[in-house]
Amino acid sequence: MPDPMPEPFYVTTPIYYVNDQPHIGHSYTTVAADVLARYHRLAGRDVRFLTGTDEHGIKMCKAADEKGIAPNELADLNAPHFKALWEKLDITNDDFIRTTEPRHENRVSALVQTLVDSGEIYRGSYEGWYDEGQEEYVTETAAKEQDFKSAINAKPLVKYSEDTWFFRLTKFAPRLIEHIEANPTFIQPSSRRNEVLSKLKMGIEDLCISRNKTKLPWGIDMPNDPDHVVYVWIDALSNYINALGIPSIGDDHDGEFAQYWPASIHLIGKDILWFHAVYWPCILMAADLPLPKQIYAHGWWTSEGQKMSKTLGNFISCDQIDEICADYGRDVYKYYLLRAITFGSDGDFNAEQFRQTYNTELANSLGNLLSRTVKMIGKYFDGVVPAPTEEVAEVADVQAAAQAMIDAAPELMDKCAFNKYIQGSIDLVHATNQFIEITAPFTLAKDDTQRERLATIMYTCAEAVRLALVYLQPILTDKVPAALEVLAQGDAPTDFATAGQWGVLQSGTAVGPAQPLFPRKS
Ligand code: MSP
């Protein structure tokens, strides 16, 4: 029986504020999403990968004011920087949505209108605190606890007092709690899931979802009230469905919603979990739409041991990312981001640790294995991969490491355990380098009676490095194709079903010449 069609895989990043240019934090989520997208494509799934920019709200207005330009001009100035960085990093998003595009604005209006029609939105008045950097309402208790400053950037909270529209968030809270309890992987990591759950159980209030245009003119009109604009988070969150088209409001385009919704995973940073784990599911419930399958909140990067700041000089901006990529290669930057810390935890970007990780794992281990293997096949077998005819007991250890990598991969990717996923390939590389030390092909090559044994050893090395490369494809997006080229696999299919098992490399394949793909860095 053929395998059933795998489910489509829809992955999203947050849509980034365009009040400034992108930095390492933005690139982190996008790189992680790209790796998931690439992995699932190689696993044979129909993948949809969405990113974009969040262009409305008070934060945008203020930043534009400071520059003396209109918010839309600022958006038009900065959105291309995000697009350019994703191109530079070879990100394979299928779509890029801007919240100022008509396709988004129209669907936000339509979505809000359905909530108005179903009575989930009502008129009320709000007086309370607002965190303008986070675009977030803060309760009186929380404001007091935070000394009336933002918990994120320590800027003073602003007192808002106005007549606005409210969404019946409290009505959906019990259903949400039930859903989170019944679906342990809905919010990940589980420590964050527990935080959300306990905060929800402490009780929440209805959500203020509009602002008077006299106070904030920059946003999407409330469809039922031209004097108000939609709260920027309601506007922003709905991008995830707007990019597909929402059938319930009559504009399914090309069946994309039916194909890809609900999203397989929303990747976000820990600071925006509440919006994604509470507001978004409740809005979807109110609109009678299915909930995303998972929301995964990653940690934050510091830089050289401190919070990133332009004044401290440790800020990793677009330009710094450019420099790192020019020095090491863009895929090595991506490798470090996912390798250095456990996804979900905070981590520190450290230039020295970057260099060491590169030298140890990529130059001395992976790069060295590839080049010594290709050189030995060149020297002992005229550059042609020999057939593994004689049994060599130690091959079992290499094959076991390969199988362990292959078997663990799906679950590790399901858990976004990128560093452990990479570790699987590196373990295979280590096992193979050790195999070379133990079996000593360089000594065997001097003895003609050992040709068969030598042949098996060289085949094993070449096949092991090929497999390690196949599994590193989603991350080392330039080096792997170049290395597979050296193994004469440049034109071969590289999906896991075809290339992801032991024994795919054909004897008789002419390999080489060895290339310095990972030169050591001092
Ligand atoms: N516009 C909202 C998201 C709306 S999604 C419907 C937003 N934008 S943002 O540009 O401020 O932040 C986007 C992402 O960058 C967040 O997930 C945030 O966690 C992440 N990061 C910002 N600084 C970061 C670090 N220093 N480290 C890691 N990620 C960080 O929020």
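Note that ligands are numbered from 1 as they come in the structure, with each ligand's atoms numbered from 1 the same way. The chain is numbered in sequence order, starting from 1.
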* Asked: Using the ring of each side chain (for Trp, its six-membered ring), is Tyr17 parallel, tilted or perpendicular to Trp233, with breaks at 30° and 60°?
  -> perpendicular

* Kindly determine whether Thr100 and Glu55 satisfy side-chain hydrogen bond (donor to acceptor under 3.5 Å, both in side chains), including the steps that lead there. => CA-CA 6 Å; Thr100 48; Glu55 309 193 348; 2.6 Å; yes

* Asked: Does the pair Asp54 and Tyr16 meet the rule for a side-chain contact (heavy atoms from CB on, under 4.5 Å), with working shown?
  -> CA-CA 5 Å; Asp54 188 354; Tyr16 305 109; over 6 Å; no

* Do other residues, nucleotides or ligands put more than 12 heavy atoms under 6.0 Å from Lys521 NZ? -> yes

Could you give the N/O to N/O pairs under 3.5 Å linking ligand 1 and the protein, each with its distance?
residue, atom, partner, partner atom, Å
ligand 1, 1 (N), Ile15, O, 2.8
ligand 1, 1 (N), Asp54, OD2, 2.7
ligand 1, 10 (O), Tyr17, N, 3.1
ligand 1, 10 (O), His26, NE2, 3.2
ligand 1, 17 (O), Gly269, N, 2.8
ligand 1, 19 (O), Asp271, OD1, 2.5
ligand 1, 19 (O), Trp300, NE1, 3.1
ligand 1, 26 (N), Trp301, O, 3.2
ligand 1, 27 (N), Trp301, N, 2.9

* Taking Glu181 as the fixed residue, which of Arg175, Lys201, Arg193 is the one that meets the salt bridge (Lys or Arg N to Asp or Glu O under 4.0 Å) rule? -> Lys201

* Aromatic plane relationship, Tyr421 with Tyr39 - under 30° parallel, 30 to 60° tilted, over 60° perpendicular -> perpendicular

